[in-house]
2 protein chains.
Amino acid sequence: MQEEAFVLLGNKNLSRTPCRVEMLKVLLDSGSALSDAEIRNKLPQHFDRTTIYRTLRSFLEQDVIHSIALEGGDVRYAVTHHKDQNTRQFHAHFYCDSCSGVYCLSRASFVPPQMPEGFVASGYDVLVNGKCRNCN
Amino acid sequence: MQEEAFVLLGNKNLSRTPCRVEMLKVLLDSGSALSDAEIRNKLPQHFDRTTIYRTLRSFLEQDVIHSIALEGGDVRYAVTHHKDQNTRQFHAHFYCDSCSGVYCLSRASFVPPQMPEGFVASGYDVLVNGKCRNCN
DNA sequence: AAAAACTTTGCAACATTGTTGCAAAATTAA
DNA sequence: TTAATTTTGCAACAATGTTGCAAAGTTTTT
């Protein structure tokens, strides 16, 4: 994971600082999308709140990660994988009603929606809920 | 709108207080979903922040309104219409990239997604983005 | 219609969350 | 190794949301 983190940071010209490396490792290690609090709790050492917020912002700006908005306004973060690049217009995620885990889904099985008169769609996000592979 | 507000409150056994009536009228008058700040700004008189938060919570609990989470964590609120009742498993909304307006969409034109092995879907939400009827 | 029972409101205090400026420390480039 | 640049942590601040409680309002009962 360390290697992968270094590569991701290098690709986006982000300097290899401990906070960035550790946050990225946490996200890479996790099978699911994490809230900022979850990321903070999984870090091996303490970093200032400010630094974490700023790091999240940098990652988002550079598209190293993307955010997923849940019903109610909670936000989770997940690493943006290469295979997602063709998918910028379309994100699909799964929310588990049992464990609250959030997983990125492949877009393959979705059909683009038709719009009512006057509305022109340029992209869309889908949030599926149900039970994840660990909770069935 | 006054009448409609009274009916909606009555249906859910919510007492007919000025704050509730006015908030509901604002939401009924609006063609699009509103943030709490937008609701507050459209109110004809001042109500305490606390009261507005509590009223939103009551409305959500009683399903008078529903919340729509946008990318980044912003939340909008819209009245839950009767025709949406069969649609509890499925919400579709439109976000306008120009004016930031949020509109409820009918679900008719969406095809349910297929899930990867081990995941069982029980419902899903779609957030389409693009240009709304006023911005084309 | 008036009184009693119950609910909602507004205020104050507090907790949480996120932002900004700036000097110190770390990273990268020369 | 030094110089230039960027990031970090702290402090202060701003914004957002919550809780307890007395006063005011709404609904129910008589």
Side-chain angles (χ1 to χ4, degrees), chain A residues 2-3 5-27 33-77, chain B residues 2-3 5-27 33-65 67-77 100:
Chain A
Q2 179 107 292
E3 278 308 313
F6 286 180
V7 170
L8 287 177
L9 291 174
N11 285 346
K12 298 302 171 77
N13 266 72
L14 291 165
S15 55
R16 192 181 288 182
T17 63
C19 183
R20 287 177 178 172
V21 172
E22 293 308 328
M23 281 180 65
L24 203 39
K25 278 164 68 181
V26 165
L27 284 163
L34 302 174
S35 67
D36 52 1
E38 287 170 328
I39 295 170
R40 182 164 32 223
N41 291 336
K42 285 174 186 276
L43 286 170
Q45 54 186 286
H46 172 83
F47 295 99
D48 192 80
R49 279 182 323 126
T50 311
T51 304
I52 293 175
Y53 287 129
R54 286 195 274 223
T55 300
L56 285 173
R57 190 153 40 185
S58 299
F59 285 179
L60 286 170
E61 283 168 356
Q62 298 302 315
D63 205 40
V64 174
I65 63 175
H66 60 279
S67 69
I68 303 145
L70 305 181
E71 285 307 307
D74 286 2
V75 176
R76 303 283 175 88
Y77 303 93
Chain B
Q2 179 107 294
E3 277 308 314
F6 287 179
V7 170
L8 287 177
L9 290 174
N11 286 345
K12 299 303 172 79
N13 266 70
L14 290 165
S15 56
R16 190 180 291 181
T17 64
C19 183
R20 287 177 177 172
V21 172
E22 294 306 328
M23 281 180 65
L24 203 39
K25 278 164 68 181
V26 165
L27 285 163
L34 301 174
S35 68
D36 52 2
E38 287 170 327
I39 295 170
R40 183 164 34 226
N41 291 336
K42 285 173 185 278
L43 286 170
Q45 54 186 286
H46 171 83
F47 295 99
D48 193 81
R49 279 182 323 125
T50 312
T51 304
I52 292 175
Y53 287 129
R54 285 195 275 225
T55 301
L56 285 173
R57 190 153 41 186
S58 299
F59 284 179
L60 287 170
E61 282 168 357
Q62 298 302 316
D63 205 40
V64 174
I65 63 175
S67 69
I68 303 144
L70 305 181
E71 285 307 306
D74 286 1
V75 176
R76 304 282 176 88
Y77 303 94
S100 302

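Residue numbers start from 1 in every chain, and the chains themselves are labelled A, B, ... in the order their sequence lines are given, proteins ahead of strands. Hydrogens, waters and symmetry mates are skipped; everything else that's a heavy atom, side chains included, is used.
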Using whole Å, what does the distance between atom [atom2] of nucleotide [N] and atom [atom1] of [X] come to?
X	N	atom1	atom2	answer
A/M23	D/dG9	CE	P	12 Å
B/L60	D/dT18	CG	P	11 Å
A/E22	D/dT7	CD	P	17 Å
B/I52	C/dT9	CD1	C1'	12 Å
A/R16	C/dA29	CZ	P	11 Å
A/N13	D/dT5	CG	P	15 Å
B/L14	D/dT27	CG	C1'	13 Å
A/L56	D/dT7	CG	C1'	15 Å

Donor-acceptor under 3.5 Å (B/K12 side chain, B/Q62 main chain):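 Yes, B/K12 side chain to B/Q62 backbone: donor-acceptor pair under 3.5 Å.
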Per B/R20 side chain, nearest of listed nucleotides D/dT8, C/dT9, D/dG9: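 For B/R20, the side-chain atoms sit closest to C/dT9.
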Residue B/T55, side-chain atoms from C-beta onward, closest of C/dT9, D/dC10, D/dT26: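 The answer is C/dT9.
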Compare all side-chain heavy atoms of [X] with those of [Y] and state whether any distance is below 4.5 angstrom.
X	Y	answer
B/L9	B/F59	yes
B/E71	A/H66	no
B/C19	B/R54	no

Nearest-0.5 Å distance, [atom1] of residue [X] to [atom2] of residue [Y]:
X	Y	atom1	atom2	result
B/I52	B/I39	CD1	CD1	8.0 Å
B/I65	B/L34	CD1	CG	10.0 Å
B/D36	B/M23	CG	CE	8.5 Å

Closest-nucleotide ordering on DNA chain D, the 5'-leading residue of B/P18 and A/D48: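 Nearer the 5' end of the strand: A/D48.
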Closest-nucleotide 5' rank along DNA chain C - winner of B/C19 and A/S15: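 Checking each residue's closest nucleotide, the 5'-ward one belongs to B/C19.
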Sugar-phosphate, base or nothing in reach of A/T51, heavy atoms under 4.0 Å: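 The answer is base, as A/T51 lies within the cut-off (heavy atoms under 4.0 Å) of a base atom.
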Give me, pair by pair, the N or O atoms of the protein and of nucleotides 17-21 of chain C that are less than 3.5 Å apart, along with how far apart they are.
| unit_1 | atom_1 | unit_2 | atom_2 | d |
| --- | --- | --- | --- | --- |
| C/dG18 | OP2 | A/D36 | OD2 | 3.3 |
| C/dG18 | OP2 | A/Y53 | OH | 2.5 |
| C/dG18 | N7 | A/R49 | NH1 | 2.6 |
| C/dG18 | O6 | A/R49 | NH2 | 3.1 |

